[in-house]
Each structure stands twice: as structure tokens, then as C-alpha cells.
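Here is the structure we will look at, set down as C-alpha cells.
When reading the values below, keep in mind they use all heavy atoms of this one structure, side chains included, and skip hydrogens, waters and symmetry mates.
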Amino acid sequence: MTCSSAAPADRRAAPSPSEEGISALIFGYAGRHHYLDGKTHIGNDLLDTIQGMVAHLEVATHRAADWEKAILTGFTAWRALRRLHGGTVRLDLDTQTLTVVEPGPAIGAPKRIGAADPLRETICGLHRSKDAAYGDSWKRRGEQISIMANIARKVDRLNILAAIGEAATTDENAIDTAIDLFVYALKYLTYLADHDDDASTTCPSSRNTSPIGATDSTVSNTS
């Protein structure tokens, strides 16, 4: 038998003073012990106190081990809810387990589009079209002649735009050039990762490269 915590608040039974007192006692204990993260046992003092508080109630038949399991299981679910920023708690009475289901979008709710999504799609589209046209020419002649020359050309175009207030060519605007530079920089990182085990901790400027001497006429790549 499986049930979820989905009952409306006005239909739930109000907790008794004993339940509230035990809950406060347990939560206070958990707060002093990292909310029982990584714990496999509960202090005997707490368990003895709880059993004393419920001695006159029906749950007095439960052993200390039962209380310990219930507390640890409950806080495992509680930590999961905090980590996921919400969710659904499902109780299986047959297996005596709690399962936290990650929250998902409400049925019929519109898909949320992040502010960066249109830009990401534009970059991916431009990269796909140019990659289909030019292939691996961006790195075919090596780091100094191909890769750095392509990056330098894009930087030069942006510098010209900043200086004269308009693009140097009519076939590529400032946004296209900036996106090209961004993509080339990412490609360069993949090139470094493929050729240098320490690329993730080494700045490109620290590599032993000679000054860039290639021009647009010596490099066959995207314009």
C-alpha cells in the first residue's frame, strides 16, 4: 500500500500536544547533530525520553529500535526535500519506506524559458551551420597558424567596430563576430584539453607560442 502526502491541510488531524512535544524534541536533537546526516544511530537519552513521554499511549508498544528507524528515515526524506527544494513524499506501508520524488512542472504549466535560452540557441545554430561548411579547418594548420589566427581576426574586427562604430564588412555584423569569437574560444579549450593533460589548469597565454603572423589571406576558415 502506497500513499502520498497530498491531503489538504483542512482535512488533516491536528497534532496532539504529545506529538508536538516529541516532534520539537526530535528536531532539536537533529539540529544539534547536522540533521542526522550520515548518522546510523540515535542517542539512548533521546530514545528513553520519547518512550517515557508515550508510556501512556498506544505507541508505547514500539521498541526504541522502531523509534530510531522512524527518526532516521524521516530525516533522510527531510534532507532530500531540502536538497531538491520540494517534492512529493511517498509512504509504502508494506515495506515501511519513505521515498522522495523530485518536483516536476505542474501539468499544463507552460515551459519556462530562461533568459539565456534564445542566445544559446542562436550560438548553437550559427556554430552548426559554419561547422557544416568549414569542418575542422579551424585547427587543421595547428595552434599558431589556424586557431590563434582565427581568434585574432575576430578580435581585430571587434576592435575596428569599436573604433569606427560600424562593422568592417557588410556580410558579418558585430553580434556574429562576437559569437564567432566565443565559439572559437570554446573550441580552443577543447583543443588544449585534447593536447595537454594540464590544460584545465594552464592559461593559454602561458603556453610557449610565437607572435601571430598569419593574415586573412593565409588562413582558410570562416569569415
| query | Any chance CZ of F182 has more than 12 other-residue heavy atoms, nucleotides or ligands included, within less than 6.0 Å? | reply | no
| request: Report yes if the side chains of L36 and I71 come closer than 4.5 Å at any heavy-atom pair, otherwise no. | output: yes
| request: Could you state whether V54 and Y29 fall into the same hydrophobic cluster, counting links through intermediate Ile, Leu, Val, Met, Phe, Trp or Tyr residues with side-chain heavy atoms under 4.5 angstrom apart? | output: yes
| task | Write out all pairs satisfying salt bridge (Lys or Arg N to Asp or Glu O under 4.0 Å) with one or both partners inside residues 57-78, taking only residues at least two apart or from two chains. | result | R63-D66
| What distance do E19 atom CD and I22 atom CD1 have between them, rounded to the nearest 0.5 Å? | 7.5 Å
| said: What I'd like to find out is whether the side chain of V89 reaches to under 4.5 Å of the side chain of T99, using heavy atoms alone. | reply: no
| said: Once rounded to the nearest 0.5 Å, what's the spacing between atom OG1 of T40 and atom CG of L72? | reply: 7.5 Å
| field | Qualifying residues under side-chain contact (heavy atoms from CB on, under 4.5 Å), relative to Q51, sequence neighbours excluded | value | D48, A64, W67
| field | Closest non-hydrogen atom pair between G86 and P103, with its separation | value | O-CD, 3.2 Å
| task | Return the set of residues passing side-chain contact (heavy atoms from CB on, under 4.5 Å) with H34 (not counting sequence neighbours), or none when no residue passes. | result | none
| message | Between L161 and T177, is the side chain to side chain contact (heavy atoms under 4.5 Å, CB included) condition met? List the steps. | response | CA-CA 10 Å; L161 174 64; T177 302; over 6 Å; no
| message | For T97, give me all partners under side-chain contact (heavy atoms from CB on, under 4.5 Å), at least two apart in sequence or on another chain. | response | D92, T95
| Pairs in or reaching into residues 78-98: which pass ring-ring contact (aromatic ring centres under 6.0 Å, His included), with residues at least two apart or in two chains? | F27-W78, Y35-W78, F75-W78
| query | Just how far is it from atom CZ of R153 to atom CG of D180, taken to the nearest 0.5 Å? | reply | 9.0 Å
| request: List in chain and number order the residues that pass side-chain hydrogen bond (donor to acceptor under 3.5 Å, both in side chains) with T73, two or more places apart in sequence or in another chain; answer none if no residue qualifies. | output: none
| query | Tell me, which pairs form a salt bridge (Lys or Arg N to Asp or Glu O under 4.0 Å) where one or both residues lie in residues 23-32, sequence neighbours left out? | reply | none
| query | Who passes side-chain contact (heavy atoms from CB on, under 4.5 Å) against L25, sequence neighbours left out? | reply | L46, T49, I50, M53
| request: Provide the closest heavy-atom pair for L98 versus A77 in the form atom of the first, atom of the second, distance. | output: CD1-CB, 4.2 Å
| Taking only residues at least two apart or on different chains, which pairs with a member in residues 70-82 satisfy salt bridge (Lys or Arg N to Asp or Glu O under 4.0 Å)? | D37-R79
